[in-house]
Amino acid sequence: MSHNFKKSFGQNFLRGTRFAEKLANSLEITEDDTVIEVGPGDGILTKILLQKNCKVIAVEVDYDLLVNLLKRFNNKPDFHLEHQDILDLNIDEVLKKYGVTGNIKVTGSLPYNISKKIIQKFIDYNVNLKLKALSSESKTPSPKPQTPSSKLISMSFIVQEEVAKTYSAIAPNATFLSNYVRIFCDVRKLETIPAIQFFPTPKVNGAILNFVFKESINKSYFELIKLIKVGFVSPRKTLWNNLRNSKKWEVEKLEKSFKELGINNN
């Protein structure tokens with residue numbers, strides 16, 4: 001298709017279907033799923049998703065791309081198009097608008113400049129869903145029938161390869177981000193995508209990054225995040241010195257914890 005690529009939107013389209021198919025297949029989509037597609041672009045991934053007979057909610061910010069998407073897919077009853085910036089999208093409102101219940105999965109080739117913000121948006125949404133579920137469980141059961149709820153199951157994105165490595169890193173090369181995200185998800189870097197597979201060709205490779213949300217989260221997740229932040233505040237220092245110097249915990253308690261966990265202070 002003829003398109004004026006906009007650098008401000010971080011637009012780089014896949015040249016073929018090979019990696020789009022791998023991206024879609026990584027979500028293990030069923031007919032009962034609803035898939036939110038971030039930035040459908042020219043529709044190469046959208047077509048593959050619709051062939052799996054799931055409901056697709058495509059969120060596209062670029063007005064110039066809407067006509068082509070509508071021309072290609074508007075006759076598909078499972079295709080829905082939202083002209084919005086994904087970071088401004090009210091997920092609950094959109095799901096209600098299209099009568100979505102059940103499992104939700106998210107995918108797309110993300111603009112490299114805001115990929116972390118988009119990933120965080122859906123992690124936050126998943127956390128809020130789980131907190132709401134915990135809150136409703138603690139209340140007295142209502143005699144009224146409960147409205148079927150939505151459940152965010154997994155996400156697969158194309159992101160910059162270095163970002164994928166940062167999210168999926170494991171010890172001894174783990175990062176703040178990889179420790180943080182594992183509170184909520186199991187995360188894997190699935191495959192590298194050479195830069196030449198995109199148009200316009202970016203300066204760096206891409207990668208497929210897959211997240212599978214955990215059934216439950218640790219109720220002390222906020223304390224865990226605080227601990228991880230302090231632990232990585234000075235990566236060249238020891239964990240012991242970072243925790244002790246923060247003065248957020250008593251030294252005696254830190255010493256006891258290190259001893260119980262078998263962690264050497266050095």
Side-chain angles (χ1 to χ4, degrees), residues 9-10 23-24 26-41 43 45-46 49-50 52-63 65-66 69-70 73 76-137 146-159 163 167 177 180-181 183-187 209-217 221-222 225:
F9 291 155
L23 179 63
S26 69
L27 286 172
E28 299 181 352
I29 296 166
T30 71
E31 294 181 6
D32 297 324
D33 292 335
T34 294
V35 179
I36 297 176
E37 183 186 3
V38 180
L45 175 61
T46 315
L49 294 173
L50 289 168
K52 296 181 181 295
N53 298 317
C54 61
K55 181 179 286 189
V56 177
I57 301 174
V59 184
E60 178 56 62
V61 68
D62 189 350
Y63 181 81
L65 292 168
L66 302 185
L69 290 167
L70 290 171
F73 307 118
K76 306 287 186 183
D78 288 329
F79 175 74
H80 307 284
L81 182 61
E82 287 289 317
H83 177 216
Q84 289 196 53
D85 184 327
I86 188 64
L87 294 178
D88 296 331
L89 184 75
N90 186 313
I91 301 171
D92 281 329
E93 285 187 3
V94 168
L95 296 179
K96 184 178 179 180
K97 178 179 178 180
Y98 297 114
V100 174
T101 58
N103 293 345
I104 304 164
K105 298 175 181 178
V106 190
T107 191
S109 183
L110 303 187
Y112 289 171
N113 56 337
I114 58 169
S115 60
K116 290 181 181 178
K117 290 182 179 179
I118 294 171
I119 291 168
Q120 188 59 49
K121 179 185 179 76
F122 286 100
I123 289 175
D124 289 343
Y125 180 72
N126 182 68
V127 171
N128 288 332
L129 284 181
K130 286 184 167 56
L131 292 178
K132 286 179 184 176
L134 286 172
S135 176
S136 62
E137 287 173 7
Q146 296 294 312
T147 304
S149 59
S150 302
K151 187 177 182 182
L152 185 53
I153 299 293
S154 59
M155 313 187 291
S156 281
F157 297 121
I158 292 175
V159 298
V163 171
Y167 273 104
L177 208 50
Y180 164 79
V181 79
I183 297 173
F184 313 106
C185 323
D186 293 318
V187 57
L209 185 63
N210 174 256
F211 301 83
V212 178
F213 286 101
K214 295 179 179 179
E215 281 296 321
S216 59
I217 57 173
Y221 75 93
F222 188 77
I225 294 169

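Keep in mind the model is a prediction, meaning the values are calculated, not measured. The residues of the chain are indexed from 1 along the displayed sequence.
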Minimum heavy-atom distance between Ser150 and Val100, given as atom pair plus value: OG-O, 3.3 Å
Phe73 meets the ring pair (Phe, Tyr, Trp, His ring centres under 6.0 Å) criterion, sequence neighbours left out, with Phe79
With distance as the sole test, does His83 use its side chain to make a donor-acceptor pair with the main-chain N or O of Val61 at under 3.5 Å? yes
Heavy-atom side-chain contact between Ile104 and Ile153 under 4.5 Å: no
Among residues at least two apart in sequence or on other chains, which ones pass ring pair (Phe, Tyr, Trp, His ring centres under 6.0 Å) with Phe211? Tyr167
For a side chain to side chain contact (heavy atoms under 4.5 Å, CB included) check, start with the C-alpha distance between Ile57 and Val35, then their side-chain angles and the critical distance, and finish with the verdict. CA-CA 6 Å; Ile57 301 174; Val35 179; over 6 Å; no
Distance, nearest 0.5 Å, that separates NZ of Lys121 from CG of Asp88: 7.0 Å
Got a sec, which residues hit ring pair (Phe, Tyr, Trp, His ring centres under 6.0 Å) with Tyr98, two or more places apart in sequence or on another chain? His80
Under the side chain to side chain contact (heavy atoms under 4.5 Å, CB included) criterion, do Tyr221 and Leu131 qualify, and how do the steps go? CA-CA 11 Å; Tyr221 75 93; Leu131 292 178; 3.8 Å; yes
Heavy-atom donor-acceptor pair, Lys105 side chain to Glu28 backbone, under 3.5 Å: yes
Give the minimum heavy-atom separation between Ile118 and Pro111, together with the two atoms involved. CD1-CD, 4.0 Å
Straight-line distance of Ile36 CD1 to Ile86 CD1, nearest 0.5 Å: 6.5 Å
Smallest heavy-atom separation, Ile217 atom then Ile183 atom, equals CG2-O, 4.1 Å
If you take all heavy atoms of Ala24 and Leu49, which pair is closest and at what distance? CB-CD2, 4.0 Å
How far apart are the closest heavy atoms of Ser115 and Val163, and which atoms are they? OG-CG1, 4.2 Å
Going by heavy atoms in the side chains, are Ile119 and Leu110 under 4.5 Å from each other? yes
Mind checking the OH-CD1 spacing from Tyr112 to Ile158? Nearest 0.5 Å is all I need. 7.5 Å
Could you pull out all residues at least two apart from Asp92 that satisfy salt bridge (Lys or Arg N to Asp or Glu O under 4.0 Å)? Lys132
Pair Tyr180-Gln120, side-chain donor/acceptor within less than 3.5 Å: yes
For Glu60, side-chain hydrogen bond (donor to acceptor under 3.5 Å, both in side chains) partners two or more places apart: none
Is the shortest distance from a Lys or Arg side-chain nitrogen in Glu215 or Lys151 to a carboxylate oxygen in the other one below 4.0 Å? yes
Would you indicate whether the side-chain heavy atoms of Gln84 and Asn90 approach each other to under 4.5 Å? no
To the nearest 0.5 Å, atom CG of Leu152 lies from atom OG1 of Thr34 at 11.5 Å
Would you say the side chain of Val56 lies within less than 4.5 Å of the side chain of Leu50, judging by non-hydrogen atoms? yes
Taking all non-hydrogen atoms of both residues, which atom of Leu27 and which atom of Ser154 are closest, and how far apart? CD2-OG, 3.5 Å
Got a sec, which residues hit side-chain hydrogen bond (donor to acceptor under 3.5 Å, both in side chains) with Ser156, two or more places apart in sequence or on another chain? Ser26, Asn210
I need the Asn126 CG to Cys185 SG distance, nearest 0.5 Å. 6.5 Å
Check the surroundings of atom NZ in Lys214: do more than 12 heavy atoms from other residues, nucleotides or ligands lie under 6.0 Å from it? yes
When rounded to the nearest 0.5 angstrom, what distance separates CG in Leu66 from CD in Glu82? 10.5 Å
Does some side-chain heavy atom of Phe213 sit less than 4.5 Å from a side-chain heavy atom of Met155? yes
Go through Asn103 and Asp32 one step at a time and tell me if the side chain to side chain contact (heavy atoms under 4.5 Å, CB included) criterion holds. CA-CA 7 Å; Asn103 293 345; Asp32 297 324; over 6 Å; no
Assess whether side chain to side chain contact (heavy atoms under 4.5 Å, CB included) is satisfied between Thr46 and Glu37, documenting all intermediate values. CA-CA 8 Å; Thr46 315; Glu37 183 186 3; 2.7 Å; yes
Main chain of Asp124, side chain of Asn128: is a donor-acceptor contact present, judged purely on distance under 3.5 Å? yes
